[in-house]
Engineer: 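Structure incoming, see below.
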Amino acid sequence: MGLFRGLVSLLVLFLLQRSNTSLVRLNDNGYEDLVIAIDPGVPEDGKLIEQLKDMVTTASTYLFEATQKRLFFKNVSILIPKNWEGSPEYKRPKHESYEQADVRVAAPALPGRDEPYTRQFTECGEKAEYIHFTPDFVLGKKQNEYGPSGRLFVHEWAHLRWGVFDEYNEEKPFYNSTSKKIEATRCSTGITGKNRVYKCQGGSCTENLCKINSTTKLYGKDCQFFPNKVQTEKASIMFMQSIDSVLEFCNAENHNQEAPSLQNIKCNFRSTWEVISNSEDFKNTTPMAAPPPPPVFSLLRISERILCLVLDKSGSMSSSTRLDRMNQAAKYFLLQTVENGSWVGMVHFDSAASVKSELIQIKSDSEKNKLLGSLPTVALGGTSICSGITTAFQVIKKLNPQIDGSEIVLLTDGEDSTTGRCTDAVKQSGAIIHLIALGPDAEKAVIQMSNETGGKHVFASDEAVNNGLIDAFGALTSENADPTQKSLQLESKGLTLNNDTWMNDTVIIDSTVGKDTFFLVTWEKQPPSISLWNPNGTLTEAFTRDTLSKMAYLSIPGTAQVGTWTYSLQAKANPETLTMTVTSRAANSSVPPITVNAKMNKDTNSFPSPMIVYAQVLQGYLPILGASVTAIIESNSGKTQVLELLDNGAGADSFKDDGVYSRYFTSYSENGRYNLKVRAHGGTDSVRRSLRHPLNRAAYIPGWVVDGVIEVNPPRPETNEDTQTILENFSRTASGGAFVVSQVPDTTNAPLPDLFPPSQITDLDATSEGDQINLTWTAPGDNFDVGTVQEYIIRISGSIIDLRDNFDDALQVNTTDLSPKEANSKETFAFKPGNISEENITHIFIAIQSVDKSNLTSKVSNIAQVALFIPKADPGPDEGQSNPNPGESHPNHDSGVNISTVVLSVVGRQKGEDREFVGMNSITMYDSKAITSHRPQ
């Protein structure tokens, strides 16, 4: 790692995290190690556990049939909060934790919002984060609105495991089909029902026909699709699995490619079954001859954390101030990070190991101080990692004969060829090994050990300015602790001072934090002078100085004052490296704090494949919008790249305004390890909480048509606003871990070859205005989402599939006057459509491809469409009539078009040769009333 000199160093935590990494594995057609975690904020209710069992058991049978007798749920662990009463049937968790649970049972993000959803922000076919069920949903109180829980679990499992998307779209619930009908967005179209406006007021309800919006040419926002209760159609589970007849996913034969469903948008018009059957789960299984057994459940109750520090004091730890920095970080961990109630012990090792503290329970500063006095002061001898680990096992067994779920935090700076001899014992122990590797050398066997036990492994550089070790220990909060009890990092900065002796800055404490606020200053040579002022401008009390460990710290009693705290550090040596770390906890246990977490899309990669950076900014389960989020990616040799992450729904970002900030990373400088650090900042009046319903949520069923009569469900709770402004600043730092890149060409004598095309345009939108079509999209970059493309190729067709599969053969729009803007800018373009050879076309479909300066082309964009007809509303009784004849059937009749002429200048290319069609050409549309053709004057 190189020195990030003269600049603020953000969080430098090099972590290949297991957080949010599912333990699920597929074995003999059955899913094993599925984890369902009950949030500690959920009131104790034994019925919840029984209902979860029933849900998964029912889901397993439904899943087995839906996957053509291939897959089922074999064994499931239910994680029970520590604050629930104990029971003889409850066991201690091993590697299971709340943070990595596949299903979370927690209160809704907003009161009354009980919609199940899957946190999904990666690409089609990639696994999602977790499923969120509320207690009321699990207890069956929302079955009318969302259907049976077992069936819905399979719907959400398809999101989570296989990366498919919903076959409805609440933002585009209707579309103009090629049959000239307004259809509900669904799959398959064999699902029948009524499109109606149904309103109730004062005990009286009215049912009216839907009206067409003059602008969108679709039904208005108050129109809803009410499915018939009795159906015969079997597909699809990703549309409405609550219909009794639905037993299958849509496949290539019955998939509705016309609908603006999220599945079509995100998966390039492939059916859900095509995506699912292409997954590794299906490639590695064959249909079973007999029905599967029911799932086996394990009930695991979270208990006190048991943790042993295993610290390297070998001779190599005496170099590069490693021993000082290890002690600084360990003291920080003991003073601020580890939760009260935890059991903590300590082992030192060089060529042999010794116990420095048996396990003691942290209840007050007294226990912490005892452990602080046990840290090593001298570094001598060789390295025997196995000695340290096996001695730690002996310490833990004195308290808990079953090591299951206990944690070992191993810090070492060197390699040890004998580590392999204890690998099997570690695997069999059930303990979790967290590795903190200081310096460039890391024993591969220990990395593997950490991976296989579900631990974190961390790489910290020798440069104190990066604050790596302190950040590494700070990340080791309990994965099962209540989020309001966890230590959150507000700031982590470092500066190497050469000529200027001052390090001055500010720290923001917002109203969601402030409890146990802790300021930590470290130095390399001499203690600096330290001044800290609260938001009122009052100088705080003096810091506690620990000159032996070269650190000073201050704990703010009670809840720290909200606002901007100002600090000033004056170095007493030249040069000098100073760091400032600030952490805090939630101010109120009933108000979730703002949090930031980050990750890369994968742990290993090879050039020229891009990486994707993701950072989530949330308050509880509510997305935070409008934050400024920055990622710094640092190579093993210290070269850094700074990226602004965006939540704009373009490029690497799957969904706009979902609180997930994303960006492509392609600036590889070398082979080896890269490390991610992120910082999120919110400014007054610019940051908002999202109050919208979560994305990828279960379809809310407004009601059913039973014997022709609509039977409505209770209305879904709504808010008057989509967002709520946050009237204060905030700041957070977090880590996204480490990733390894291979096959990067040597750049000593030449730059990297340009092998990165522009990113795919994913938000192309088309609207018609008279005889003109207006397009909008977000500009891609020369290298994915960085830079500026050379040109756009826009093509049109009368067929979605022809445009998708034969883009190069479609008519090309003249874009001579279209000059591309810089990546992530908003692009607009207007044209008049024209001479398309297909007969009887009802829509014009439009797509874009970008070309960069190296003539590399992007993937073809999402396909936008414009209807060439004016639809008519469903025929039926007078719109003002209440309670229409319940037995009356109102089929959709083909709608005609009075006048529709579309004119455009095009450049067309036929297969095998280039031909220009220049000039203004017309498409003449017909109906029973008029035949009209317009040409420009």
Engineer: Yes or no on side-chain hydrogen bond (donor to acceptor under 3.5 Å, both in side chains) for Thr484 and Asp482, after CA distance, side-chain angles and deciding distance?
Structural biologist: CA-CA 5 Å; Thr484 63; Asp482 188 320; 2.9 Å; yes

Engineer: Output the distance between atom OH (Tyr130) and atom OH (Tyr98), rounded to the nearest 0.5 Å.
Structural biologist: 7.5 Å

Engineer: Is it the case that the side chain of His681 and the backbone of Phe730 share a donor-acceptor pair, with hydrogens and angles ignored and the cut-off at 3.5 Å?
Structural biologist: yes

Engineer: With a 3.5 Å distance limit and no angle check, can you tell me whether Ser450 reaches the backbone of Ile447 through a side-chain donor-acceptor pair?
Structural biologist: no

Engineer: Angle class for the Phe518/Tyr553 ring planes (parallel below 30°, perpendicular above 60°, tilted otherwise)?
Structural biologist: parallel

Engineer: For the pair Ile389 and Val426, evaluate side chain to side chain contact (heavy atoms under 4.5 Å, CB included) and give the outcome as yes or no after the intermediate values.
Structural biologist: CA-CA 8 Å; Ile389 292 175; Val426 170; 3.8 Å; yes

Engineer: Under 3.5 Å, which donor-acceptor pairs link side chains of residues 394-404 to any protein atom two or more places apart or in another chain?
Structural biologist:
residue: Lys398; atom: NZ; partner: Glu358; partner atom: OE2; Å: 2.8
residue: Asn400; atom: ND2; partner: Gln402; partner atom: O; Å: 2.2

Engineer: Where is the tightest heavy-atom contact between Lys356 and Ser374, given as atom of each residue plus distance?
Structural biologist: O-OG, 3.5 Å

Engineer: What's the shortest heavy-atom distance between Ala598 and Leu676, and which atoms?
Structural biologist: CB-CD2, 4.3 Å

Engineer: Does the His95 side chain pair with the main chain of Ile432, one donor and one acceptor, at a distance under 3.5 Å?
Structural biologist: no

Engineer: Once salt bridge (charged side-chain N to carboxylate O under 4.0 Å, His left out) is applied, what residue pairs with a partner in residues 38-50 remain, sequence neighbours excluded?
Structural biologist: Glu50-Lys53

Engineer: So, for Ala734 and Asn597, which heavy atoms are closest and what is the spacing to 0.1 Å?
Structural biologist: CB-CA, 4.3 Å

Engineer: Tell me, do Leu311 and Pro376 make a side-chain contact under 4.5 Å, heavy atoms counted?
Structural biologist: yes

Engineer: Are the side chain of Trp84 and the backbone N or O of Val42 linked by a donor-acceptor pair below 3.5 Å?
Structural biologist: yes

Engineer: Work out which heavy atom in Arg325 is nearest to a heavy atom in Leu438; give both atom names and the distance.
Structural biologist: NH1-CD1, 3.7 Å

Engineer: When you compare the side chain of Arg305 with that of Asn480, does any pair of heavy atoms fall below 4.5 Å?
Structural biologist: no

Engineer: Is the shortest distance from a Lys or Arg side-chain nitrogen in Asp102 or Lys127 to a carboxylate oxygen in the other one below 4.0 Å?
Structural biologist: no

Engineer: Side chains of Gln616 and Arg119: does their closest heavy-atom pair fall under 4.5 Å?
Structural biologist: yes

Engineer: If you measure from CD on Glu367 to CG on Asn369, what distance do you get to the nearest 0.5 Å?
Structural biologist: 9.0 Å

Engineer: Quick test of your reading of the model: are Lys486 and Glu339 salt-bridged, counting only N-O distances below 4.0 Å?
Structural biologist: no

Engineer: Applying the side chain to side chain contact (heavy atoms under 4.5 Å, CB included) test to Leu411, which of Arg322, Lys313, Met326, His434 qualifies?
Structural biologist: Met326

Engineer: Any donor-acceptor pair under 3.5 Å linking the side chain of Lys493 with the backbone of Met580?
Structural biologist: no

Engineer: Please enumerate all residues that pass ring pair (Phe, Tyr, Trp, His ring centres under 6.0 Å) together with Trp523, with sequence neighbours excluded.
Structural biologist: none

Engineer: For Asp510 and Arg732: C-alpha separation, side-chain torsions, deciding distance, then whether salt bridge (charged side-chain N to carboxylate O under 4.0 Å, His left out) applies.
Structural biologist: CA-CA 10 Å; Asp510 59 275; Arg732 298 288 187 276; 2.8 Å; yes

Engineer: Tell me, do Thr522 and Lys550 make a side-chain contact under 4.5 Å, heavy atoms counted?
Structural biologist: no

Engineer: Taking the side chain as every heavy atom from C-beta outward, state whether Ile36 and Phe133 have any pair of such atoms under 4.5 Å apart.
Structural biologist: no

Engineer: Fit a plane to each ring of Tyr31 and Phe73, take the angle between them on a 0 to 90° scale, and name the class: parallel (under 30°), tilted (30 to 60°) or perpendicular (over 60°).
Structural biologist: tilted

Engineer: At their closest point, which heavy atom of Met346 faces which heavy atom of Leu371, and how far apart are they?
Structural biologist: CE-O, 3.4 Å

Engineer: Do Gln328 and Ser549 get their side chains close enough for a donor-acceptor pair, meaning under 3.5 Å?
Structural biologist: no

Engineer: With no hydrogens and no angle check, is any side-chain donor or acceptor of Ser584 less than 3.5 Å from a backbone partner on Lys515?
Structural biologist: yes

Engineer: Is any side-chain heavy atom of Met449 closer than 4.5 Å to one of Thr419?
Structural biologist: yes

Engineer: Any luck finding a side-chain donor-acceptor pair between Thr512 and Gln619 under 3.5 Å?
Structural biologist: no

Engineer: Dump the intermediate steps for side chain to side chain contact (heavy atoms under 4.5 Å, CB included) on Ile436 and Leu476, then the final yes or no.
Structural biologist: CA-CA 10 Å; Ile436 301 176; Leu476 293 175; 4.0 Å; yes

Engineer: With side chain to side chain contact (heavy atoms under 4.5 Å, CB included) as the criterion, how do Val347 and Cys308 come out once you've worked through the C-alpha distance, each side chain's angles and the decisive distance to 0.1 Å?
Structural biologist: CA-CA 7 Å; Val347 169; Cys308 188; 3.8 Å; yes

Engineer: Look at the side chain of Asp312 and the backbone N and O of Met317, then say whether any donor-acceptor pair between them is shorter than 3.5 Å.
Structural biologist: no

Engineer: When you measure from the side chain of Lys331 to the backbone N and O of Met551, does any donor-acceptor pair fall under 3.5 Å?
Structural biologist: no

Engineer: Restricting to ring pair (Phe, Tyr, Trp, His ring centres under 6.0 Å), what partner residues turn up for Phe333, sequence neighbours left out?
Structural biologist: Phe473

Engineer: Report the residues that fulfil ring pair (Phe, Tyr, Trp, His ring centres under 6.0 Å) with Phe121, sequence neighbours left out, ordered by chain and then residue number.
Structural biologist: Tyr614

Engineer: Hey, is the main chain of Ser387 close enough, under 3.5 Å, to the side chain of Thr391 for a donor-acceptor pair?
Structural biologist: yes

Engineer: Which value, rounded to the nearest 0.5 Å, describes the distance between Lys370 atom NZ and Ile362 atom CD1?
Structural biologist: 10.0 Å

Engineer: What I'd like to find out is whether the side chain of Ile49 reaches to under 4.5 Å of the side chain of Phe297, using heavy atoms alone.
Structural biologist: no

Engineer: Using the six-membered ring wherever Trp is involved, compare the ring planes of Phe519 and Trp565 and label them parallel, tilted or perpendicular (cut-offs 30° and 60°).
Structural biologist: tilted

Engineer: Can you name the closest pair of heavy atoms from Thr477 and Ser487 and give their distance?
Structural biologist: CG2-O, 3.9 Å

Engineer: Mind checking the NE2-OG1 spacing from His132 to Thr118? Nearest 0.5 Å is all I need.
Structural biologist: 11.0 Å

Engineer: Under 3.5 Å, is there a donor-acceptor pair between the side chain of Asp416 and the main chain of Ile385?
Structural biologist: yes

Engineer: Step by step, work out the side chain to side chain contact (heavy atoms under 4.5 Å, CB included) result for Leu52 and Val138.
Structural biologist: CA-CA 7 Å; Leu52 285 170; Val138 175; 3.7 Å; yes

Engineer: By the definition side chain to side chain donor-acceptor pair (under 3.5 Å), identify the one residue from Thr337, Thr581, Thr583, Asp471 that meets it with Gln489.
Structural biologist: Asp471

Engineer: With rounding to the nearest 0.5 angstrom, report the NZ to CD1 distance, Lys456 to Ile433.
Structural biologist: 14.5 Å

Engineer: Should Val105 and Leu48 count as side-chain neighbours, where that means a heavy-atom distance under 4.5 Å?
Structural biologist: yes

Engineer: Look at atom NZ of Lys82 and say whether more than 12 heavy atoms of other residues, nucleotides or ligands are closer to it than 6.0 Å.
Structural biologist: yes

Engineer: For Tyr567, what residues pass the ring pair (Phe, Tyr, Trp, His ring centres under 6.0 Å) criterion, not counting sequence neighbours?
Structural biologist: none

